[in-house]
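Working notes, beginning with the structure itself.
Computed over heavy atoms, backbone and side chain alike; hydrogens, waters and symmetry mates excluded. Please read these numbers as outputs of a predicted model, since none were measured by experiment.
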Amino acid sequence: MKVAVDFEECLKDSPRFRAALEEVEGDVAELELKLEKLVKLCIAMIDTGKAFCAANKQFMNGIRDLAQYSNKDVIVETSLTKFSDTLQEMINYHTTLFDQTQRSIKAQLQMFVKEDIRKFKDAKKQFEKVSEEKENALAKNAQVQRNKQHEVEEATNILTATRKCFRHIALDYVLQINVLQSKRRSEILKSMLSFMYAHLTFFHQGYDLFSELKPYMNDLGAQLDLLGVDAAKEKRDMEQKHSTIQQKDFSSDDTKLEYNVDAASGVVMEGYLFKRASNAFKTWNRRWFSIQNNQLVYQKKFKDNPTVVVEDLRLCTVKHCEDIERRFCFEVVSPTKSCMLQADSEKLRQAWIKAVQTSIATAYREKGDESEAKKKSSSPSIGSLESGSESKEKLLKGESALQRVQCIGGNIACCDCGLADPRWASINLGITLCIECSGIHRSLGVHFSKVRSLTLDTWEPELLKLMCELGNDVINSIYEAKVERMGVKKPQPGSQRQEKEDYIRAKYVEKKFVERQPASISPPEYATKVLPQSQEEKRHNIPEKSPLAGDQITASPTVRSNDSGTQHSANDSREHLASTISTNSLYEPGEKRDSSVFHDSKQLHPGLQLYRAAYEKNLPDMAEALAHGADVNWVNTEENKATPLIQAVLGGSLVTCEFLLQNGANVNHRDVKGRGPLHHGTVLGHTGQVCLFLKRGANQHATDEEGKDPLSIAVEAANADIVTLLRLARMNEEMRESEGLYGQPGDETYQDIFRDFSQMASNNPEKLNRFQQSDSEKS
């Protein structure tokens, strides 16, 4: 043991002794502070550990609750129980570790501080006291006069006794210092060694515990691999079934129009019907009805007991109800009461009536109350209502839309990341997208991209044709024109979402990769460069008179579109009101636009490029103009303030109009003559365009400078189809206004007729040219 303070120096009480004491006392004081801090930290650690164990126990209880909940799944229940037991054992080990930490660190070090350091402090106080007494005795002894013998002896005796006491106490103090210096080393190392052994035991116990559990964990992992394979197979089967169901035609809400009186479940037919209550308010409620066990019953919820409407179907009759305002109603009448029901469509009403009638006949047959002839004339066991007279065109949906769109160049892969078999589309851009890129497009906002599912959403025919006119190859040639030159890496299917989002935002919002136009020609120059001077003079010499004023124009060929459905009047005066170019155009009737008079599209102002391409039905050029920043509602002040949408009407293309509307064109913008797209479509007899504008909210009450609205123009032109559309739209508008806030969104007849016209204009436009055909036959 190294001596901290020398005993010989203690007897001398030299300055070296005093300096050594001062150093030791300072060291002990600092040691006390360090140990007290360590004990406090240990206490905090133990308290936190106990809180951790308590929280862990609650977590284990949650696992046990989940295991009990999963009692129907043996694998899940057994595994969770075994894991919770193992983890509970680990909590017990943790608790033991914290108890041993408390004994080894907290208890031992606290005892060292309270006992050994306390003894040192007591010895220090005694030493300081006797040291002071010694100094007083020395001073008194020095002050005694030699002639006072008695005082000299007394002072000498006191000094001798004080010195003897000082030496004894000083030697004890030095001993206490040296013992403390030696003991602190052993106490600190002993407590820390005990703490480390506690950890060793804890981890050894945990290792043994999990070594026993490892074989079970390996077996469970193998089972999970097999379960993963089975789950993948089930997922493929479900996706196949999902795809098969999607291929069916869901454009109608008439679900399964079949009934089966021989069904094993005893349910002849079931489905939702509206039932009129028998209370004073006569409210209608939707309930789940079924015909079973010769009874008509319904229930509100699956767990509810069925409420019997008709006890015995043999005692009731069923009939149509046409004397109430609601459609598709029928009444089931029994001797005691009647029940008014409403189906969702005429087909469903017929199916339910047929099912009730067949069930009545079957009930009689089972009871033997019907004759053999009655049995032979009864309805077959399985009936299905398929109205042969109804041949309404269906809106394209599901796999048919997917297949048609994916046939376009580049559409078999996502436009932005290249993932195969994309099932989503941006309808205003005309591209196909994978589900992840579609989510990013949706986050851009509808002013940049309008996302729709190719398999889940309903597709209007004009929208599907729009998708087929563009495609990924066309749009990428515009929006990715500078990608390779800029050295930008296009995202791959496996790229991070953030990388895809940054690329898509740069591509469509910032338009970084679009080839910028060279110095473009400003719009005012266009007016003088579009037409030769002779044509310009001719235009100014034309009397500005609308063709609706009754002038007979015989030299004008028909302006036709391959997709808008142009009609012509067939009266005796041969007035071609619907075939005459609007007087708002720069061009004379019979004069065709020569593309050579236009500047190259790369040099045109974007708005002018869009304006020109709209007339020429050139969708790629229109997409390029929008990419270059063209305003979709750009106004050409040199052509009576016409817009690209009005030019699309004059060009006769339904798809071009749809493209502009999808990109935010104003359907009600009017030119200097007060005519909007609906006026021009009516004047030109473009039935498909008129139908489209009405669906998009065109104002049919707007009048031009002659005070004529589209309906009066169509009546004057004797255009029956357009008159029908306009009157039907006006009637539907009045019905909705009369029904107020909670009225129906649209009459079903109105919707059916507009759907038919949309289908005809997109798929069979020649059917809308019947007046022209009749004209040709007469001539």
How long is the span from the [atom1] atom in [X] to the [atom2] atom in [Y], to the nearest 0.5 Å?
X      : Y      : atom1 : atom2 : answer
Ile427 : Leu466 : CD1   : CG    : 8.0 Å
Leu433 : Cys417 : CG    : SG    : 8.5 Å
Tyr508 : Phe448 : OH    : CZ    : 12.5 Å
Met60  : Asp65  : CE    : CG    : 11.5 Å
Leu220 : Asp225 : CG    : CG    : 9.5 Å
Glu212 : Thr86  : CD    : OG1   : 8.5 Å

Please check if the side chain of [X] supplies one atom and the backbone of [Y] the other of a donor-acceptor pair under 3.5 Å.
X      : Y      : result
Arg349 : Cys329 : yes
Gln492 : Lys490 : yes
Arg64  : Asp85  : no
Ser194 : Ser191 : no
Lys512 : Arg505 : no
Asn71  : Glu77  : no
Gln102 : Ala107 : no
Ser70  : Asp73  : no
Ser79  : Val76  : no
Asn663 : Asn428 : yes

Please name the pair of heavy atoms, one in [X] and one in [Y], separated by the smallest distance, quoted to 0.1 Å.
X      : Y      : result
Phe98  : Cys53  : CE1-SG, 3.8 Å
Leu429 : His441 : CD1-CE1, 4.0 Å
Ala425 : Met467 : CB-CE, 3.6 Å
Cys339 : Leu341 : SG-CD2, 3.5 Å
Cys437 : Lys500 : SG-CD, 4.2 Å
Leu273 : Ala343 : CD2-CA, 3.7 Å

Would you call [X] and [Y] a side-chain contact if the rule is heavy atoms closer than 4.5 Å?
X      : Y      : answer
Ile91  : Gln88  : yes
Trp352 : Phe328 : no
Val297 : Gln292 : yes
Val74  : Thr78  : yes
Thr358 : Val268 : no
Ile188 : Phe112 : no
Ile43  : Gln110 : yes
Gln205 : Thr96  : no

More than 12 heavy atoms of other residues, nucleotides or ligands under 6.0 Å from [atom1] of [X]: yes or no?
X      : atom1 : result
Asn305 : CG    : no
Lys233 : NZ    : no
Ile435 : CD1   : no
Tyr197 : OH    : no
Gln299 : CD    : yes
Glu484 : CD    : no
Glu239 : CD    : yes
Leu227 : CG    : yes

Working for side-chain contact (heavy atoms from CB on, under 4.5 Å), residues Leu97 and His199: CA-CA 7 Å; Leu97 172 63; His199 274 82; 3.8 Å; yes
Assess the residue pair Leu454 and Trp459 against the criterion (side-chain contact (heavy atoms from CB on, under 4.5 Å)); give the C-alpha distance rounded to whole Å, side-chain angles, the decisive distance to 0.1 Å, and a yes or no. CA-CA 8 Å; Leu454 285 167; Trp459 285 77; 3.5 Å; yes
Can a donor-acceptor pair be found between the side chains of Asp219 and Gln223 at a distance below 3.5 Å? no
Does one side chain, of His94 or Asn56, offer a donor that lies under 3.5 Å from an acceptor on the other? no
Go through Gln108 and Phe195 one step at a time and tell me if the side-chain contact (heavy atoms from CB on, under 4.5 Å) criterion holds. CA-CA 11 Å; Gln108 289 188 23; Phe195 178 68; over 6 Å; no
Check this for me, if you would: do Lys465 and Glu462 make a salt bridge, where the nitrogen-to-carboxylate-oxygen distance has to be below 4.0 angstrom? no
Any salt bridge linking Lys241 with Asp237? Criterion: basic side-chain nitrogen under 4.0 Å from a carboxylate oxygen.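 Salt bridge between Lys241 and Asp237, a charged N being under 4.0 Å from a carboxylate O: no.
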Can you list the steps and then say if Met340 with Val332 is a side-chain contact (heavy atoms from CB on, under 4.5 Å)? CA-CA 7 Å; Met340 186 68 70; Val332 179; over 6 Å; no
Gln406 pairs by side chain to side chain donor-acceptor pair (under 3.5 Å) with which of Asn472, Thr432, Asp421?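 When Asn472, Thr432, Asp421 are each tested with Gln406, the side chain to side chain donor-acceptor pair (under 3.5 Å) holds only for Asp421.
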Mind telling me whether Phe83 and Tyr216 have parallel, tilted or perpendicular rings, with 30° and 60° as the class edges?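 Rings of Tyr216 and Phe83: perpendicular, over 60°.
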